[in-house]
Novice: 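The structure under discussion is supplied below as structure tokens; questions concerning it will follow.
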2 protein chains.
Amino acid sequence: MARPRHYDHDELRTAIIEAARKLLEEGGPAALTARALAKAVGTTPGTIYNLFSNMNAVLHEVNRRTFTELAQMIDAAPPAAPRDRLLALADGYVDFMLARRVVWRGLFEGPHQTDTFPGWYTSLIDELIDRIAAPIAQLQPRASARLLAEELFLSVHGVVALAAIERLDLVTTQDPHSLARSAVERMLNWIEVDRR
Amino acid sequence: MARPRHYDHDELRTAIIEAARKLLEEGGPAALTARALAKAVGTTPGTIYNLFSNMNAVLHEVNRRTFTELAQMIDAAPPAAPRDRLLALADGYVDFMLARRVVWRGLFEGPHQTDTFPGWYTSLIDELIDRIAAPIAQLQPRASARLLAEELFLSVHGVVALAAIERLDLVTTQDPHSLARSAVERMLNWIEVDRR
DNA sequence: TACGTTTTTGAACGTTGTTCACTACCATTG
DNA sequence: CAATGGTAGTGAACAACGTTCAAAAACGTA
């Protein structure tokens, strides 16, 4: 038996998560295997299961970082009028996703079946949608901005979900950016007319 | 070695496709394995690979039937004014998908990577979008109805894609039907204002 | 130094998709 | 009718997967 080393758990955890992300980016979800991940950080499959309950937990951690980055990017944007802010959000979201399309797939795809999500996962998504709701609330104080934000997100999600798996061309030749902006425009139009 | 039977290839092919669909419906994508499929039709894995190039091809055939059914359902709807027709399309699409959520996942998910689609696959999708474009063209003869139809489809797809994998609740508590209808309403509103 | 605990290890189990040598069957020929 | 050739079903085998766990090594303590 080879000499077991002793690891700093915190270091190893983050090393594993970073390696997992790299594997995902380079080879897609199929490349994220326990053995490949172990080799990438210079350890063995067993050790990974010591720090994570299973491979799904590793993926969740990668996703957590992705969400956090997205939130940071959004918050770093300069302030703007609601309309411009929504357009910037859509653009930023599409850019962000296109740059991470493979990582992105892990967010909504997967074996799933009946596996449940950790609480922080759902609340991260919640916060992202709240960031869409904020500018909408400025335009439309009456109705629930949150509901409209959810609808807008889903419209953009339709575009992004297909673009992320490189299958947008099954539906259209329009580019993801202008599709996302169109969705925003329709929502803005709706709000405008509705308050008339 | 067990006694090899001789099969009618056409019969066996359709039996395999039907069994595959059943497996999908009952146990999700994970249940569609070569061995389970072989057992379900009373044959062996090798024979399946005799009739299909791989398991992906089986899934493609299941999807072909699904698309065809969807098209039939759409065409069977009674004629209506453009506005009602679009709403009915959205409702029907959501219903259809909810009844087949597990089968549906195979349409856009999967291992993919670089695997390409058969020509009939893309043209089936094309025809579906044309069915959305038709009523739009009645409302909006000037601009390209096809482009708007693509955008509307993508908005509804965002809803359906999440509902199909049982994760719509990550984003909203609104139900898929009203979300889809809202997307249609926004598009109708857009067309109305645009032609003003 | 010796012991007990903790952590790492990697072999092993049960899956998966896919391949292919083998062989049983059918159809044609002598 | 017998022999033979080609076709097609078979299922063992391969590589790879996630996951588990007994054993072994290193650490912390006495």
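All chains are named by letter (A, B, ...) in the order of the sequence lines, taking the proteins before the strands, and each is independently numbered beginning at 1. Values reported hereafter were calculated over all heavy atoms of this structure, with side chains retained and with hydrogens, waters and symmetry mates removed.
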Novice: Of the nucleotides C:dT7, D:dT10, C:dT18, which one has an atom closest to the side chain of B:Asn50?
Specialist: D:dT10
Novice: Taking the side chain of B:Thr47 as its heavy atoms from C-beta onward, which of D:dA13, D:dT10, D:dT19 lies nearest to it?
Specialist: D:dT10
Novice: With a non-hydrogen cut-off below 4.0 angstrom, is B:Leu32 in contact with a base, only sugar-phosphate, or nothing?
Specialist: sugar-phosphate
Novice: Using 0.5 Å steps for rounding, measure from the CD atom of B:Gln174 to the CZ atom of A:Arg146.
Specialist: 9.5 Å
Novice: Do B:His177 and B:Asp95 pair up side chain to side chain, a donor and an acceptor below 3.5 Å, judged on atom types alone?
Specialist: yes
Novice: Nearest of D:dG9, D:dG18, C:dT18 to any side-chain atom of B:Ala34?
Specialist: C:dT18
Novice: To the side chain of A:Thr44, which of C:dT18, C:dT9, D:dG18 is closest?
Specialist: C:dT9
Novice: Classify the nucleic acid contact of B:Thr33 as base, sugar-phosphate or nothing, counting any heavy atom under 4.0 Å across all strands shown.
Specialist: sugar-phosphate
Novice: Which residues pass the salt bridge (Lys or Arg N to Asp or Glu O under 4.0 Å) test with B:Glu18, not counting sequence neighbours?
Specialist: none
Novice: Judged by modelled atom types alone, do A:Tyr121 and A:Asn63 share a side-chain donor-acceptor pair under 3.5 Å?
Specialist: yes
Novice: Nearest to the side chain of B:Thr43, which nucleotide is it out of C:dT9, D:dA13, D:dT10?
Specialist: D:dT10
Novice: Starting at OH of A:Tyr49 and ending at P of D:dT19, how long is that distance when rounded to a whole Å?
Specialist: 3 Å
Novice: Among side-chain atoms of A:Ser178 and A:Asp175, is any donor-acceptor pair under 3.5 angstrom?
Specialist: yes
Novice: Work out how much the helix from C:dT1-D:dA30 to C:dG30-D:dC1 bends between its end axes, five pairs an end, to the nearest 10 degrees.
Specialist: 30°
Novice: OP1 or OP2 of D:dG9 less than 4.0 angstrom from a side-chain nitrogen or oxygen of B:His9, does that happen here?
Specialist: yes
Novice: Just checking, any donor-acceptor pair under 3.5 angstrom between side chains of B:Arg35 and B:Thr44?
Specialist: no
